[in-house]
Asker: 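Sharing a structure with you now.
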Protein chains: 2
Amino acid sequence: MAKRGIKDVAERAGVAVGTVSRVLNDHPSVTAEVRARVKAVIHELGYRPDPFARSMRSKVSRLIGIVIPDLTNPFFAELVQCAERAASEHGHNVIFMSSFDDAAKEADRLAQLAGRKVDGIIIVPSNSPHAIKAPKGLPLITVDRLLPDHPGVAADHRAGARVAVEYLAGLGHRRIACIAGPSGSRPAEDRLQGYLDVMRPLRDHRGAKVEPLFVNAAFDYESGRAAGTFLLARPRAERPTAIFASSDQQAIGCLRAANDLGIPLPAGLSIVGFDGIPLSNLITPRLTTIVQPMPEIADAAISSLLGRRKMPPLGKPDLFQCELAVRESSAEPVLEPAAINASR
Amino acid sequence: MAKRGIKDVAERAGVAVGTVSRVLNDHPSVTAEVRARVKAVIHELGYRPDPFARSMRSKVSRLIGIVIPDLTNPFFAELVQCAERAASEHGHNVIFMSSFDDAAKEADRLAQLAGRKVDGIIIVPSNSPHAIKAPKGLPLITVDRLLPDHPGVAADHRAGARVAVEYLAGLGHRRIACIAGPSGSRPAEDRLQGYLDVMRPLRDHRGAKVEPLFVNAAFDYESGRAAGTFLLARPRAERPTAIFASSDQQAIGCLRAANDLGIPLPAGLSIVGFDGIPLSNLITPRLTTIVQPMPEIADAAISSLLGRRKMPPLGKPDLFQCELAVRESSAEPVLEPAAINASR
DNA sequence: TTGTATGCGTTATCAG
DNA sequence: CTGATAACGCATACAA
């Protein structure tokens with residue numbers, strides 16, 4: 001079985017190479033009969049067009065580059081997985097790169113991808129403050145961490161946070177605290193705003209305003225635990241009955257803090273997370289959370305890059321609505337008779 | 001800034017295109033002086049060789065394909081990240097694909113990679129029993145889940161397990177249970193063997209043989225919790241004082257089970273995991289575990305594919321030694337006065 | 001050592 | 001609608 005080329009196919013089918021090429025690219029001007037015959041021969045010979053020769057001429061690589069700060073973050077891992085699936089469905093493959101949250105490495109990766117002549121780039125920018133330089137003429141779209149001067153697609157973090165806090169308020173909670181993300185992070189700030197959106201107009205059973213209470217923390221597990229410990233270290237009468245965490249990892253850490261303090265879940269405390277990472281549905285109790293529609297987000301990013309969907313204009317990112325997944329870490333607040341309060 | 005070609009560089013440097021090509025490929029027969037001049041021009045013009053034209057001629061793509069079952073498994077995510085870094089250091093890029101643990105999808109991905117003409121393939125085979133068909137002439141290496149008829153590289157799971165159990169035995173533990181992995185999984189069985197290797201010759205303080213005790217469970221969190229609950233649900237006098245889990249996720253689930261049962265760690269129970277995933281060092285208590293040398297494993301896989309290291313022969317996979325990371329989830333067993341036992 | 005010329009496998013531009 | 005043929009950008013055998 002020697003190396004098959006387009007020439008062999010043409011010869012075997014009794015046509016010219018140009019015709020075979022036209023069949024390959026679904027060019028309309030080919031007789032159905034000829035098309036069928038050529039396709040038959042292609043199948044028979046097991047012919048596969050050489051992607052390099054093809055790209056050299058056509059200037060398209062059917063390759064998408066994706067740059068992520070850190071794949072050990074389960075949220076990004078899911079993004080990559082979804083992006084690969086979406087790209088695959090559009091006949092494209094994915095070149096994966098990690099920036100390790102370093103601006104210099106990120107720039108290098110971008111240059112490499114440009115050199116590879118990928119058809120488009122998906123990037124979650126590194127956190128270090130910087131401007132990413134998109135190789136001119138190369139479609140690039142940011143995901144999750146939006147940047148002002150690049151098109152982007154993300155979950156509607158603010159609206160998602162609102163849903164979470166409204167849910168808790170609807171359950172009857174009033175002392176609702178928030179573990180905010182790190183200041184400086186766009187998604188973190190959006191989520192905090194969503195929390196405040198709901199808290200501000202909220203009134204307790206006596207019609208008095210309720211005080212928002214939040215503390216900044218990194219998105220990871222340990223920071224969430226520390227923040228939770230801080231928020232829960234107060235007399236029961238003042239202690240939050242519910243906590244909205246800005247990430248599932250924070251929420252899981254907070255859950256641990258509650259456990260260490262002997263606070264039963266969800267009886268003594270409700271916790272709602274954000275992201276919907278797989279682990280959130282595996283722990284005990286299973287975490288109530290706001291799940292980001294990652295498949296849709298990834299598909300929007302891919303589709304936009306490939307021109308099958310309009311690129312979101314600068315400053316007007318494509319926003320996707322999140323969904324509340326009610327699980328086991330949340331419930332109505334328990335009644336707090338004055339006697340119990342006094343007994344502390 | 002028009003499109004730069006090798007021709008432009010040659011012209012600007014006053015040499016022939018062939019010479020430029022030779023400089024590009026570090027061909028020895030080029031005067032240092034000429035080489036320097038050409039390189040200067042290349043830099044000045046910002047010239048980048050077209051990867052397609054180059055690959056078409058040279059038959060190498062500088063692309064490595066990697067296929068894994070599921071990126072939401074943090075262990076595989078780390079593997080991908082390490083592989084990308086290693087490939088990058090060798091001047092290669094990585095095309096990432098997910099098989100979703102499905103043999104059919106896996107075969108499709110493999111075919112795609114072959115079509116892309118990658119220089120080599122790294123694969124963690126899907127769990128469904130099957131034979132993967134490596135496109136002939138395309139270097140392929142399996143990682144972690146070894147297959148009999150393909151070269152492979154992995155951690156020495158058996159030896160690693162031995163280190164874990166020896167550590168526990170050295171601490172004074174005798175009732176050491178094991179949460180084994182799913183039967184049918186090669187890494188799982190190796191780890192179980194390592195456990196048994198240490199347990200069999202073990203004797204208690206009266207010189208009596210100690211009974212191995214293990215239960216099979218999937219590698220995930222919830223299965224680990226269930227297994228832990230099962231193992232710990234017995235009178236204290238019979239209850240294991242230490243548990244060796246076959247994965248960190250299992251260990252973390254088991255940790256949760258102990259917590260739910262009110263067993264303090266590490267005073268009442270020592271737990272050791274396996275893998276060394278990032279999360280293992282973030283939880284409370286931080287998990288004592290066997291960490292796999294993922295960077296080395298990934299680098300060995302990449303180096304072997306690129307011919308910079310000898311391909312491990314069939315049936316003789318490259319094995320890497322794991323390292324014990326002693327953290328907070330393990331300690332010497334507490335004394336068990338008869339009085340305490342009787343009080344139950 | 002360096003220049004020249006051919007070919008790699010496709011696509012695209014022309015005629016026919 | 002189809003065939004012939006010229007690029008595409010680079011590597012390499014061969015000539016100088």
Side-chain angles (χ1 to χ4, degrees), chain A residues 1-42 45-63 91-93 114-119 137, chain B residues 1-42 45-63 91 114-119 137:
Chain A
M1 161 158 159
K3 221 178 311 180
R4 305 303 180 187
I6 198 175
K7 203 166 259 180
D8 303 286
V9 176
E11 197 171 330
R12 195 91 151 70
V15 297
V17 293
T19 302
V20 177
S21 175
R22 280 183 282 259
V23 170
L24 252 32
N25 298 289
D26 288 312
H27 195 292
S29 64
V30 179
T31 306
E33 186 207 358
V34 175
R35 178 184 304 275
R37 190 169 72 231
V38 171
K39 280 193 172 176
V41 174
I42 288 177
L45 260 42
Y47 162 77
R48 294 292 166 200
D50 181 316
F52 303 125
R54 171 173 269 197
S55 293
M56 180 161 89
R57 284 293 300 175
S58 66
K59 299 303 175 193
V60 308
S61 59
R62 293 182 166 280
L63 245 27
H92 287 244
N93 291 132
R116 280 286 184 192
K117 307 213 166 165
V118 296
D119 292 343
Chain B
M1 161 158 158
K3 220 180 310 180
R4 306 300 180 191
I6 197 176
K7 199 166 266 179
D8 302 288
V9 176
E11 196 172 330
R12 194 91 152 70
V15 296
V17 294
T19 302
V20 177
S21 175
R22 280 182 281 260
V23 171
L24 252 33
N25 298 290
D26 288 313
H27 194 294
S29 64
V30 179
T31 306
E33 185 208 359
V34 174
R35 179 185 303 276
R37 190 169 70 230
V38 172
K39 281 193 170 177
V41 175
I42 287 178
L45 259 42
Y47 163 77
R48 294 291 166 202
D50 181 317
F52 303 123
R54 168 174 273 201
S55 292
M56 184 163 78
R57 285 289 301 171
S58 66
K59 300 303 175 193
V60 308
S61 59
R62 294 180 167 279
L63 246 27
R116 279 288 183 190
K117 307 212 164 164
V118 296
D119 292 342

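Please read all numbers here as calculations on a predicted model, not as lab measurements.
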Asker: Could you work out how much the helix from C:dT1-D:dA16 to C:dG16-D:dC1 bends, comparing the axis of its first five pairs with that of its last five, to 10°?
Answerer: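 The angle, to the nearest 10 degrees, is 40°.
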Asker: Where do A:Ile42 and A:Val9 come nearest, in terms of heavy atoms and distance?
Answerer: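 Minimum heavy-atom separation between A:Ile42 and A:Val9: CG1-CG1, 3.8 Å.
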Asker: Using the side chain to side chain donor-acceptor pair (under 3.5 Å) criterion, which residues pair with A:Thr19? Sequence neighbours excluded.
Answerer: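 Side chain to side chain donor-acceptor pair (under 3.5 Å) list for A:Thr19, sorted by chain: empty.
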Asker: With A:Lys7, which residues qualify under side chain to side chain contact (heavy atoms under 4.5 Å, CB included), at least two apart?
Answerer: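 Checked A:Lys7 against side chain to side chain contact (heavy atoms under 4.5 Å, CB included); matches are A:Val17.
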Asker: Heavy atoms only: give me the nearest A:Arg22-A:Ser29 pair and the separation to one decimal.
Answerer: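 Heavy-atom minimum between the residues: CD-OG, 4.3 Å.
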Asker: Under the salt bridge (Lys or Arg N to Asp or Glu O under 4.0 Å) test, which residues partner B:Arg12, sequence neighbours left out?
Answerer: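 For B:Arg12, the residues satisfying salt bridge (Lys or Arg N to Asp or Glu O under 4.0 Å) (neighbours in sequence not counted) are B:Glu44.
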Asker: Can you name the atoms? Protein N/O to nucleotides 5-9 of chain C N/O, anything below 3.5 Å, with the distance.
Answerer:
from	atom 1	to	atom 2	distance (Å)
C:dG7	N2	B:Arg57	NE	2.7
C:dG7	N2	B:Arg57	NH1	3.2
C:dG7	N3	B:Arg57	NH1	3.3

Asker: Within a strict 4.5 Å, meaning less than it, do heavy atoms of the A:Val38 and A:Tyr47 side chains meet?
Answerer: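 A:Val38 does not reach A:Tyr47 side chain to side chain.
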Asker: Mind checking whether A:Arg35 and A:Asp26 have side chains closer than 4.5 Å, heavy atoms only?
Answerer: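 Sidechains of A:Asp26 and A:Arg35: in contact.
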Asker: Where is the tightest heavy-atom contact between B:Ala10 and B:Ala16, given as atom of each residue plus distance?
Answerer: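 That closest heavy-atom pairing would be CB-C, 3.7 Å.
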Asker: Taking 5' to 3' order, which nucleotide of DNA chain D is first and which is last to have an atom within less than 4.0 Å of a heavy atom in chain B?
Answerer: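 Reading along DNA chain D, I get D:dG9 to D:dA13.
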Asker: Which residues satisfy the side chain to side chain donor-acceptor pair (under 3.5 Å) test with A:Arg116, sequence neighbours excluded?
Answerer: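 Applying side chain to side chain donor-acceptor pair (under 3.5 Å) to A:Arg116 gives B:Asn93.
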Asker: With the threshold set at under 4.0 Å for non-hydrogen atoms, list the residues of residues 24-33 of chain B touching DNA chain C in residue-number order.
Answerer: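 Within this stretch, B:Ser29, B:Val30, B:Thr31 sit under 4.0 Å of the strand.
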Asker: Return a table of donor-acceptor pairs under 3.5 angstrom between the side chains of residues 48-57 of chain A and protein atoms on other chains or two or more places apart.
Answerer:
from	atom 1	to	atom 2	distance (Å)
A:Asp50	OD1	A:Phe52	N	2.6
A:Asp50	OD1	A:Ala53	N	3.1
A:Asp50	OD2	B:Lys117	NZ	3.3
A:Ser55	OG	A:Pro51	O	2.9
A:Ser55	OG	A:Val60	O	3.0

Asker: Nearest 0.5 angstrom please: B:Ile6 CD1 to B:Glu11 CD, how far?
Answerer: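 Result: 13.0 Å between the selected atoms.
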Asker: Would you mind telling me which residue lines up with the more 5' stretch of DNA chain D, B:Arg22 or B:Phe52, judged by nearest nucleotide?
Answerer: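 The residue whose closest nucleotide sits nearer the 5' end is B:Phe52.
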Asker: Any base atoms under 4.0 Å from B:Val15, or only sugar-phosphate, or nothing? Heavy atoms, all strands.
Answerer: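 B:Val15: backbone/sugar contact only, no base atoms under 4.0 Å.
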